[in-house]
Amino acid sequence: MNSTQTTTSAPHGARVHALVRKGWLTNQHGAWAMMLVPILVGSILGGFTWPQALLTFAWLAAFFFFSALGLWIKVSASARKRTGGKPLDPKRKAAVARRQARYRSALITYASFAAVGALGLVLIKPDLVVWAPALAVCFGVAVWEMWRDADRSFLARASAVMASQLLTPIAFSLGSNPHDWARMWLATAVLTLYFVGTIPYVKTLIRERGSRAWIRGSIAYHGVVLTVALVIASLGMLSWWIVALWALLLVRSVAFPAWSNKLGKPLRPAIVGFTEFAVSTAVVLVLVLPATLS
């Protein structure tokens, strides 16, 4: 049985790897929650409608386009870095062009899908164009960081988070009952704070594992948000469910880096992934259950 699984999984893994190399799939698995949770929360709060499915289609196409664009830009950014920022000679330019060509099909396909979806949404609800400037700014900042070969910087990650969180009010506005805007904006704020917090937290588990500065920064961030939530809740202006959620996130920011450091190695991806799935589910439940934001 094991040999059969190995035989069948190897070609599948090779196909997936080939799709990633050509820009058709992304290897940023942690981005899925950031991409889909805002739309889910906005749709639940506003009431489900079919245009939200079109929004999901357009947003996923834009996400895959952005991922492929990042790979395309990284080729030239890495080449410039190797030359110390000097202009590339013709031979290097030709090599860069050849490597970038592998992403052309994915870029054209996903850009077309995203454009068709966006156009359809604007035809359905023309006032959606008001969100275009904010999305453009987020996109521009992220592309600039990619061009600087700093696609994993805090600024690049934060701009992607901000763009994704705009999908909560957009999905809400497409809903069947988009009336409680105060609750929607509170949900958007909580989601934004949550996903921004995942940036330093994930770094403490992977690329900055063992870094005292990043661990302290992550704990401080979650601690400050929890303190503010406690104050607002004590004034009767915020649900205690939000406070409980942030207490959980603070414990997570302390416990998991400590666990990883005690083991002397990174935690298994399955452990981190399952935990984040559970945390994301808790966030969604806190934001959509009627009693939690009342």
- Message: If you count heavy atoms of other groups shown closer than 6.0 angstrom to CH2 of Trp181, is the number above 12?
- Response: yes
- Query: Using 30° and 60° as the class limits, which term best fits the ring planes of Phe139 and Phe65: parallel, tilted or perpendicular?
  - Reply: parallel
- Check for a donor-acceptor pair, side chain of Arg102 on one end and backbone N or O of Trp72 on the other, with a separation under 3.5 Å. no
- Query: So, for Ala58 and Ala118, which heavy atoms are closest and what is the spacing to 0.1 Å?
  - Reply: CB-N, 4.0 Å
- For Val288 and Leu45, work out which heavy atoms get closest and say how close. CA-CD2, 4.2 Å
- Message: Ignoring hydrogens, what is the shortest heavy-atom contact between Leu191 and Gln165? Give both atom names and the distance.
- Response: CB-OE1, 3.3 Å
- Under 3.5 Å, side chain of Tyr110 to main-chain N/O of Trp24, donor-acceptor pair present? yes
- Note on the structure: Which of Phe256, Tyr194, Trp246 passes ring-ring contact (aromatic ring centres under 6.0 Å, His included) with His222? It is Trp246
- Look at the side chain of Ser218 and the backbone N and O of Ile215, then say whether any donor-acceptor pair between them is shorter than 3.5 Å. no
- Determine yes or no for a side-chain-to-main-chain donor-acceptor pair under 3.5 angstrom, with Ser112 supplying the side chain and Ile108 the backbone. yes
- Under 4.5 Å between any side-chain heavy atoms of Arg209 and Asn261, yes or no? yes
- Task: Check for a donor-acceptor pair, side chain of Thr109 on one end and backbone N or O of Ala106 on the other, with a separation under 3.5 Å.
- Result: no
- Residue list, salt bridge (Lys or Arg N to Asp or Glu O under 4.0 Å) with Glu276, at least two apart or on another chain: Arg252
- Check for a donor-acceptor pair, side chain of Tyr221 on one end and backbone N or O of Leu193 on the other, with a separation under 3.5 Å. yes
- Query: Can you tell me if Ser43 uses its side chain to pair, donor with acceptor, with the backbone of Phe48 under 3.5 Å?
  - Reply: no
- Query: Do Ser67 side-chain atoms and Phe63 backbone N/O form a donor-acceptor pair below 3.5 Å?
  - Reply: no
- Message: Could you check whether any side-chain N or O of Ser253 sits under 3.5 Å from a backbone N or O of Leu250, counting only pairs where one atom can act as donor and the other as acceptor?
- Response: yes
- Message: If you count heavy atoms of other groups shown closer than 6.0 angstrom to CZ of Phe113, is the number above 12?
- Response: no
- Message: So, taking the atom named OG1 in Thr49 and the one named CG in Leu174, what distance separates them when rounded to the nearest 0.5 Å?
- Response: 5.5 Å
- Item | Hydrophobic cluster membership, Tyr201 vs Met35, 4.5 Å side-chain cutoff | no
- Item | Trp32 and Phe64 aromatic centres sub-6.0 Å | yes
- Query: Are the side chain of Ser260 and the backbone N or O of Lys265 linked by a donor-acceptor pair below 3.5 Å?
  - Reply: yes
